[in-house]
Amino acid sequence: MSKDALRPPRGTRDFYPEDLRLRSWLFDHFREISRRFAFEEVDAPIVEHAELFIRKAGEEIVDQLYHFELHDRHLALRAELTPSLARMLIARAGGLRLPVRWFAIGQNWRYERMTRGRTREHYQWNVEIVGEPDVTAEAEALAALTSLWDALGLPREAVRLRVNSRALLEEVLRGGVLRGREEAFAPLCVVVDKLHKIGADAVLDQLADPAGPVGLARDDARWVVDALSARSLDEAASAAPPDSPALAALRRLFELLDAYGIADRVDFDASVVRGLAYYTGIVFEGFDTAGTLRSICGGGRYDALIESLGGPSLPAVGFGMGDVVVSELLGELGRLPSPGRGVDDLVVPLDDARRPLAMRLAARLRGEGRSVELALGTGRLKRALAHANRIGAARVLIVGEDEAARGVAKVRDLASGEEHDEKIW
RNA sequence: GUGGGCGUAGCUCAGUUGGUUAGAGCGCCGGGUUGUGGUCCCGGAGGCCGGGGGUUCGAAUCCCCUCGCUCACCCCA
């Protein structure tokens with residue numbers, strides 16, 4: 001066995017018990033918030049037909065696909081959950097009662113270079129609302145996100161949401177610099193999405209690159225970059241067409257967010273477009289206000305994806321939040337818990353003759369739903385108590401000769417040190 | 001892909017004018033007597049010093065190569 005084979009492949013993680021307890025803590029919150037919002041959990045295979053993920057917009061996520069040929073099939077590890085969920089929806093499209101409220105927690109794979117906060121696999125909480133064209137769906141999604149942050153113990157001021165509308169940007173551009181070249185809109189969004197990362201000048205260069213996918217005139221590109229600097233709806237309105245439906249939708253969304261009491265946690269930001277090609281309307285992302293991490297979640301409306309995959313025309317809103325970035329943020333804020341093992345009882349036979357009784361006791365306690373470890377050896381009692389301490393057990397139940405004769409166990413409460421007898425059955 | 005930093009015990013790390021049997025803390029195991037933990041005291045196990053080659057009487061230490069980790073840049077939902 002080579003040394004390499006004894007390590008997890010680069011960008012992947014092993015989860016030891018303490019790591020998995022933390023992950024489970026996080027997933028428990030994903031599930032609990034999903035439950036409170038009445039989302040139903042679904043799951044899909046981690047391997048899909050590569051075709052499901054391929055789109056034409058120069059997206060990073062597609063370039064980073066883990067894919068391979070097996071016999072005559074071209075397969076891929078999923079890079080995101082949304083296409084799989086869309087596929088599942090299509091399969092049952094005829095019998096669905098809309099709107100559908102689904103969520104999934106799944107591992108996604110992207111072959112990318114490792115840096116801080118970026119691994120090649122990560123788990124994502126994915127929430128989708130399908131069949132609702134109104135921004136009431138977006139409001140649900142955003143409320144679920146802030147509820148999750150609160151549940152995780154993230155301070156209210158530590159994380160915020162940025163919201164924009166691709167539909168608004170499209171309205172503005174369709175009547176202007178992209179007139180007659182609507183196909184350039186998706187690649188334009190991919191470029192614009194990099195604004196926070198590579199800066200306005202670099203975006204300008206890429207938009208104006210004659211050999212690039214967008215190929216705007218330099219002045220037009222400059223106009224686009226300027227338009228993206230809007231940070232309020234009123235500012236954005238000045239560039240929008242009169243009676244813009246997209247602008248009206250944004251205004252209505254903020255009204256709804258206000259009703260949920262979270263409008264003050266959401267900013268309008270014209271530069272947010274998200275990098276995925278399939279978004280068509282409202283888009284949003286969560287970010288840490290300290291600005292040290294990449295976006296911690298993102299999503300938006302994708303009204304055309306399901307139809308483009310061969311399904312019916314179904315409006316949809318969804319978002320994903322990964323485990324890696326949010327864990328880093330929690331760590332930086334000192335909010336990562338260290339969940340214990342949750343063992344209730346350690347049952348200790350003091351000698352082998354007492355073992356059958358101890359087993360009977362352990363079985364009874366387990367039958368009552370308690371988490372019980374049975375000491376498998378018969379070392380000294382001192383060691384057993386130290387072990388109980390280490391695993392965080394609340395009680396130690398000792399079965400010795402004297403107790404056995406009376407049909408009881410001596411129960412020691414680890415926290416108080418108090419002891420009493422308890423019948424074995 | 002470019003550049004920097006780092007690979008020494010399970011973990012976090014000391015350890016250079018090159019010099020005996022390579023260290024600490026934590027963790028682990030055992031002991032401090034007979035059936036009672038967390039503290040304390042004592043003891044112990046555990047390391048081809050990432051790998052290979054070279055220089056040297058002698059290399060964890062210097063040189064070269066290589067692998068791995070990591071950070072920055074490049075790139076990038």
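Computed from a predicted model, the values in this text were never measured in an experiment.
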#### Entry: Side-chain donor-acceptor contact under 3.5 Å, E140(A) with Y260(A)
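Yes, because at least one side-chain N or O of E140(A) sits under 3.5 Å from a partner of the opposite role on Y260(A).
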
### Query
Do T12(A) and E121(A) have side-chain N/O donor and acceptor atoms under 3.5 Å apart?
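Not at all, the side chains of T12(A) and E121(A) share no donor-acceptor pair under 3.5 Å.
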
### Query
Is it true that the NZ or CZ of R231(A) lies under 6.0 Å from the centre of F268(A)'s six-membered ring and within 45 degrees of the ring axis?
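No; the conditions do not both hold, so R231(A) does not lie above the ring face of F268(A).
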
### Query
Is R162(A) positioned over the aromatic face of F287(A), cation under 6.0 angstrom from the ring centre and no more than 45 degrees off axis?
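Geometry flag: set, cation within 6.0 Å and 45°.
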
If we take the [atom1] atom in both [N] and [M], what is their distance in whole Å?
{"N": "rC74(B)", "M": "rC11(B)", "atom1": "P", "value": "34 Å"}
{"N": "rC13(B)", "M": "rG43(B)", "atom1": "C1'", "value": "24 Å"}
{"N": "rG30(B)", "M": "rG46(B)", "atom1": "C1'", "value": "14 Å"}
{"N": "rA14(B)", "M": "rG54(B)", "atom1": "C1'", "value": "28 Å"}
{"N": "rG4(B)", "M": "rC48(B)", "atom1": "P", "value": "30 Å"}
{"N": "rG37(B)", "M": "rG31(B)", "atom1": "P", "value": "13 Å"}
{"N": "rG44(B)", "M": "rC73(B)", "atom1": "C1'", "value": "50 Å"}

### Message
Side-chain N or O of R354(A) versus OP1/OP2 of rG35(B): is the shortest distance under 4.0 Å?
### Response
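Negative; the distance criterion is not met.
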
### Query
Between rG30(B) and R383(A), is there an OP1 or OP2 to side-chain N/O distance shorter than 4.0 Å?
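Checking R383(A) against rG30(B): at least one side-chain N or O falls below 4.0 Å of OP1 or OP2.
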
### Task
Flag yes if more than 12 heavy atoms outside E418(A) fall under 6.0 Å of its CD atom; otherwise flag no.
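No, not enclosed.
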
### Task
Tell which nucleotide pairs with rU20(B), taking only Watson-Crick or G-U wobble pairs whose two distances are both under 3.5 angstrom.
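When the pairing criteria are applied, nothing turns out to pair with rU20(B), so the answer is none.
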
#### Entry: Pairing nucleotide - rG47(B), Watson-Crick or G-U, each distance under 3.5 Å
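Paired with rG47(B), as far as the under-3.5 Å criterion goes, is no nucleotide at all.
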
### Task
Compute the ring centroids of W125(A) and F319(A), then answer whether they are less than 6.0 Å apart.
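Aromatic pair counts; centres sit under 6.0 Å.
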
### Message
Tell me if the centroids of the rings in H74(A) and H49(A) come within less than 6.0 Å of each other.
### Response
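No, they do not, as the ring centres are separated by 6.0 Å or more.
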
### Query
Mapping C297(A) and P8(A) to their closest nucleotides on RNA chain B, which lands nearer the 5' end?
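Checking each residue's closest nucleotide, the 5'-ward one belongs to P8(A).
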
### nucleotides 36-45 of chain B: protein proximity per nucleotide (B base, S sugar-phosphate only, - neither; heavy atom, under 4.0 Å)
BBB-------

### Message
At 4.0 Å (heavy atoms only), tell me whether V273(A) reaches a base, stays on the sugar-phosphate, or touches nothing.
### Response
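Nothing, no heavy atom under 4.0 Å.
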
### Task
Let me know the distance between CG of N126(A) and P of rA77(B), rounded to the nearest Å.
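Computing the N126(A):CG to rA77(B):P distance gives 19 Å.
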
